[in-house]
Structure formats: C-alpha cells, structure tokens
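Order of the sequence lines sets the chain letters (A, B, ...), proteins ahead of strands, with each chain counted from 1.
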Amino acid sequence: MPELPEVETTRRSIDAPLRGARVLGARLGKPLRWPLGCAPEDLVGLTLGPVARRGKYLWLPLAGAREGGLLLHLGMSGSLALLPEPPPPPGTHDHFELRTTRGTLRLTDPRRFGAVLWSASLASEPAARLLASLGHEPFDAALTPEFLHARLQGRRAPIKQVLLAGDVVVGAGNIYACEALFAAGIHPALRADRLSRPRAARLLAALRDTLGRALALGGTTLRDFRDAHGMSGAFQDEARVYGRAGQPCLRCGAPVRRIVQGQRATYFCPRCQKR
DNA sequence: AGTTAAACCTGGTTGC
DNA sequence: TGCAACCAGGTTTAAC
C-alpha cells in the first residue's frame, strides 16, 4: 500500500496532533517484521517530538527518561489511525498501539510486513542499518539530473527495478514507478545505464511530478489506505497505466501491457514508452 | 558488486 | 458452493 505519498500523508496527519503528547501506555499485537526492541512499559512517560520521514519510514522521536524514538514502516498493508478516547477495542490486525494524552495511535497491518522498532537515534542501531542504503529523497535539491544519470552508470538492471530498489532515489513503489516511467515515455525494461542524460532528466521531472500530484491528492487508496483520520486518497483515479492491463492507453489508445519484472507486475504502454 | 529469487504474512478475487 | 491458484501498495536476506 504505502509508497512515499501515502507515508508522507500519514506523517502529516499525525505530526501536529501528536506533537508534545505524553505516552500513557503501549500495547503489542501479533509479531511484526522484527521485535520492538524494548519493553512497551519503557515508553510510558516519554514525550513525542516532531514526526519525521525518511523514504517510506516514519520516525517518532521520544524524549524523557530515555532518549530515542520509534522507527516505523507500514510494509505492504499497514496504516495508522489516531483514535480519540476511548478507542474502540483493538481488532485482529491491530499489532501496535501507543496510548497518549492526545489520543491513541494504532497500527493496523493485516499482512504484518510492517515494523515498529525502538532506536536510540536515527544514527544508531537498528535504525542506522535500515536507513543506510537509502538513496536521495526525490525532492532533495542535491538530486540533480546529472547526479541521477551518474548513479545509473554500471546498473545493468531494468530502470523500473532500479527505481524500486530505492538505493538511488527513494519513494517510488510499484504504482509510482510505473506511472513515472509512463509520464517520461521510458520503457520499464530499458537497462538503467542505457538511459541518456536528457532522458534521466525527464525521468526525474516525471517522478517528482507524479509523487507531487499523488501527495496533493492524499495518496492512492487501492483497497484500504487511509491517513490517521480515516481519509482515503484519490490518486487511484489518476493512474494512467497501473492496473490497466488490456485497456487502451489514455494517450495513444494502444492496449496497456502487463509484464513481470523482479516478481512484481509492471504496467506500461508499448507504444508510448521507448527503449 | 550487482542481480535475482525466496521469504515474510493475510485476505480478496478468479477460475474450475 | 467449495476449493485451489493467483494476486496485492515492500524490503530484507540468502544465493548465484
């Protein structure tokens, strides 16, 4: 579910309401990807700072008797809800909960690919290890077309898979990688190191435009994505190739194709997107 | 070192 | 209707 626009939408929906909140209690459900790394009771009494995001990770800083924070990932099916008191009883897919003076933050994640980890800081373990290989933020000014092009040299993998890998630029998941490549007119199977500099510039612009528009629409709700106030996104209505196999390309009319790359579905227009 | 496959899970949809 | 097969927004880990 959650790619950068969904994670950032989530971040924005919890940052203001939770800033300065004091933790009253924490509760765990079924195991997520990794153990929490501290006892839930250890969080009691700590105060929430500004919620940050790095790639598709959220960082909830906590200060007080101990210094650190929670590194959170929504995986494939995770979402956060900020519930007023008293919160409804937790359901079978609610696997982490932070009860605070400003409401209860609840992580719902049916597939449990998500994670919540205590870390003393972003620069210390385990957070540092998980963030170490992340590429640039897509809107970072340091990410220039020249830099992107340079980072693609030596990469023989298809450009779609390099985008998904997130070690050059973070944020694009399966939907936005497909959409950005369509917008840039680039074939998803093109070897990354065969992308010319002008086309790298075009890809970067398309990626920024795609992610930016998705963010403005509150993300994509295919099935169950909601922000912490229960609002769904609207970008699903804007997708031009994702999930549209067999349907006519909205630009040229040719049937949209679905192929599989690296065990993930890729949607593209074979006429508009050139190798 | 770079690339690919397997693994982690549950639930909804499709097809026989 | 029942059941098996396949599909899904991600990323780490192990193996070529």
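- Under a 4.5 Å side-chain heavy-atom cut-off, the cluster of Ile, Leu, Val, Met, Phe, Trp and Tyr residues that includes A:L215 has no other member.
- The side chain of A:K56 contributes an N or O atom lying less than 4.0 Å from OP1 or OP2 of C:dT11.
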Please write out the pairs of protein N or O atoms and N or O atoms of nucleotides 4-8 of chain B separated by less than 3.5 Å, giving the distance to one decimal.
unit_1: B:dA6; atom_1: N7; unit_2: A:Q263; atom_2: OE1; d: 3.2
unit_1: B:dA6; atom_1: N7; unit_2: A:Q263; atom_2: NE2; d: 3.2

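- Taken together, the paired segments of DNA chain C that extend over three or more consecutive Watson-Crick or G-U pairs, each closer than 3.5 Å at both contacts, are B:2-8 with C:10-16, B:10-16 with C:2-8.
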Can you give me every donor-acceptor pair (side chain of residues 230-237 of chain A, partner residue at least two apart or in another chain, under 3.5 Å) with its distance?
unit_1: A:Q236; atom_1: OE1; unit_2: A:T221; atom_2: N; d: 2.9
unit_1: A:Q236; atom_1: NE2; unit_2: A:G233; atom_2: O; d: 3.0

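- DNA chain B lies under 4.0 Å from no heavy atom of any residue of residues 237-249 of chain A.
- Judged as a side chain to side chain contact (heavy atoms under 4.5 Å, CB included), and not counting sequence neighbours, the contacts of A:Y57 are A:L71, A:H73, A:L130, A:L131, A:L134.
- Remark: A:A21 pairs with A:L18, A:T100, A:T101, A:R102 by the side chain to side chain contact (heavy atoms under 4.5 Å, CB included) rule, at least two apart or across chains.
- Every residue two or more places apart in sequence or in another chain that forms a side chain to side chain contact (heavy atoms under 4.5 Å, CB included) with A:F147 is listed here: A:H136, A:L143, A:T144, A:R151.
- As a member of the Ile/Leu/Val/Met/Phe/Trp/Tyr network built from side-chain separations under 4.5 Å, A:L24 groups with nothing else and remains a singleton.
- Using a 4.0 Å heavy-atom distance criterion, A:T92 is classed as making no nucleic acid contact.
- Other members of a hydrophobic cluster containing A:V44 are absent, since no ILVMFWY side chain comes under 4.5 Å of it, directly or through relayed contacts.
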Find every protein N or O atom lying less than 3.5 Å from an N or O atom of nucleotides 14-16 of chain B, and list the pairs.
none

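- Judged as a side chain to side chain contact (heavy atoms under 4.5 Å, CB included), and not counting sequence neighbours, the contacts of A:A254 are A:C252, A:C269, A:R271.
- When the P atom of B:dG11 is taken as reference, atom CG of A:L222 falls 19 Å away, rounded to whole Å.
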